[in-house]
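First up is the structure itself, then whatever we jot down about it.
Worth saying up front: this structure is predicted, and the values here are computed from it rather than measured. Letters go in sequence order (proteins before strands), and every chain restarts at 1.
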Protein chains: 2
Amino acid sequence: MSTTAAEIAAAWRRERPGTPTDSIEVFTPIVRLAKLLTDDRTRVLRAAGIDRATLDLLSVLRRAGPPYTLTTRELTERTLVTAGAISQRVARAEQEGLATRAPDPSGHKAVAVTLTAAGHEVIERSVDAVLGRDSELVAGLSAEEQDLLIPLLGKLEGFVRTRVG
Amino acid sequence: MSTTAAEIAAAWRRERPGTPTDSIEVFTPIVRLAKLLTDDRTRVLRAAGIDRATLDLLSVLRRAGPPYTLTTRELTERTLVTAGAISQRVARAEQEGLATRAPDPSGHKAVAVTLTAAGHEVIERSVDAVLGRDSELVAGLSAEEQDLLIPLLGKLEGFVRTRVG
DNA sequence: GTCTAAACGTTTAGCCCTAAACGTACCAGG
DNA sequence: CCTGGTACGTTTAGGGCTAAACGTTTAGAC
């Protein structure tokens, strides 16, 4: 059994009265849930022989629709990782034949990343498994509870984005 | 500007009708918030010359109260990382003089990890900075909104824990 | 045209984690 | 005893990320 967020906050107040603990009960479960979910997804995908970072990359390209092409900069904007990480992801995907890199003719010095047929096949094969699994996990909340939760998370994410990095 | 969770779900439905998208609007903001928060915390702590993993370790020991000692197994239970990661964290903290390792006299083959005076000082110096920062970020929601959000997150975390690893 | 500033992508060093293999200590049954 | 099982902690191989330094291309000022 793991320590609850409420217990962590109480422990700080007991040990160090005056410690600002008001964020703990909100952020601790968020960080924990994210870890549980991403670790679980990593395991699901390993069984399918693919890694999570590559799946994220292929997903973004697949969702873009035909011709399944985005520049490195667009990928960076859509994925919340650094440009360096995108560069590494694309290099790995290219290595495995799941995506290709080509100069983009849109002015600027841009690189166009495109899904290959093999990459398309991988994403079609994995996306339902991954999202189906997530679907099972989100079912711990009723539809009404989810409708309550979603706007609160959206508001919090928006606020945090204005204050970080 | 980044893609919203609603846009991601809509894109999947447009590109692949039938894709199970009901989890996306819940889990996407959770995973994103966790990344924004942990990356931000990493930066705050780097400015103070300490890394996040070490702070987590020292925090757990500090919250335990005098004599600030826990076994490796207890640390593992309280932190959601593997025993191997704890072993590495403790080794780093020991290297820097922030914690010590000693055989635990409680039967079994256990290792007792204890906060040193230097470790105690580091945690006292950092915890208010970190939690104060989090406090600013959680203020994007009103107290009422937080009271609505907390039990929903708790319920979801509990459910997910029963279904994963 | 030329030159400077900005945009873009890649590379590298360093950090941290997981999973799995491993070594060792304790305990209970025969 | 002693022997197998179990609990505990450590080590290692490999993956992924960030930040920062870097090289290159493009656009704009003049």
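- Salt bridge R92(B)/E96(B): absent, no basic N to carboxylate O contact under 4.0 Å.
- Comparing dG9(C), dT18(C), dC17(D) by their nearest atom to the side chain of R73(A) picks out dG9(C).
- Between the CG atom of D39(B) and the P atom of dC17(C) there is a distance of 14 Å, given to the nearest Å.
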Start with the C-alpha distance between E157(A) and R161(A), add both sets of side-chain angles, then the distance that settles salt bridge (Lys or Arg N to Asp or Glu O under 4.0 Å), and finish with yes or no.
-> CA-CA 6 Å; E157(A) 182 187 344; R161(A) 274 180 189 272; 3.0 Å; yes
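- dA13(C) atom P lies 21 Å from atom CG of D51(B), rounded to whole Å.
- R52(B) has no side-chain polar atom (N or O) that falls below the 4.0 Å cut-off from OP1 or OP2 of dC15(C).
- The residue A53(A) sits close only to the backbone: its heavy atoms come under 4.0 Å of sugar-phosphate atoms, none of a base.
- Among the protein residues, T72(A) comes within range of the sugar-phosphate backbone only, with heavy atoms under 4.0 Å from sugar or phosphate atoms but none that close to a base.
- One interatomic measurement links the two molecules: CD1 of I50(A) to C1' of dG16(D), which rounds to 15 Å at whole-angstrom precision.
- For R43(B), counting side-chain heavy atoms from C-beta on, the closest listed nucleotide (dT18(C), dA19(D), dC8(D)) is dA19(D).
- Taking the side chain of K35(B) as heavy atoms from C-beta on, and the options dT18(C), dT10(D), dC17(D), the nearest nucleotide is dC17(D).
- In this model, the phosphate group of dC17(C) is approached by a side-chain N or O of R89(B) to a distance below 4.0 Å at OP1 or OP2.
- Of the candidates R52(A), R46(A), R133(A), K35(A), D40(A) forms a salt bridge (Lys or Arg N to Asp or Glu O under 4.0 Å) with just one, namely R133(A).
- Note on T82(B): every side-chain N or O is 4.0 Å or more away from OP1 and OP2 of dC17(C).
- For the OP1/OP2 pair of dC16(C) and a distance below 4.0 Å, the side-chain nitrogens and oxygens of R92(B) include at least one atom meeting the criterion.
- Annotation: of the two residues near DNA chain C, D56(B) and G84(A), the 5′-most nearest-nucleotide partner is G84(A).
- Residue R41(B) contributes atom CZ, which lies 18 Å from atom P of dT18(D) at whole-angstrom precision.
- A straight line from CG of L57(A) to C1' of dG9(C) spans 15 Å, rounded to a whole angstrom.
- Between the T116(A) side chain and the G97(A) main chain, a donor and an acceptor come within less than 3.5 Å of each other.
- The CD1-P distance, from I86(A) to dT11(C), rounds to 15 Å in whole Å.
- With DNA chain C read from its 5' end, the first of the two nearest nucleotides for R46(A) and A91(A) is the one closest to A91(A).
- The 12-atom threshold is not exceeded at CD of E121(B), counting heavy atoms of other residues, nucleotides or ligands nearer than 6.0 Å.
- Ranking dG9(D), dT18(C), dG16(D) by closeness to the A110(B) side chain, first place goes to dG9(D).
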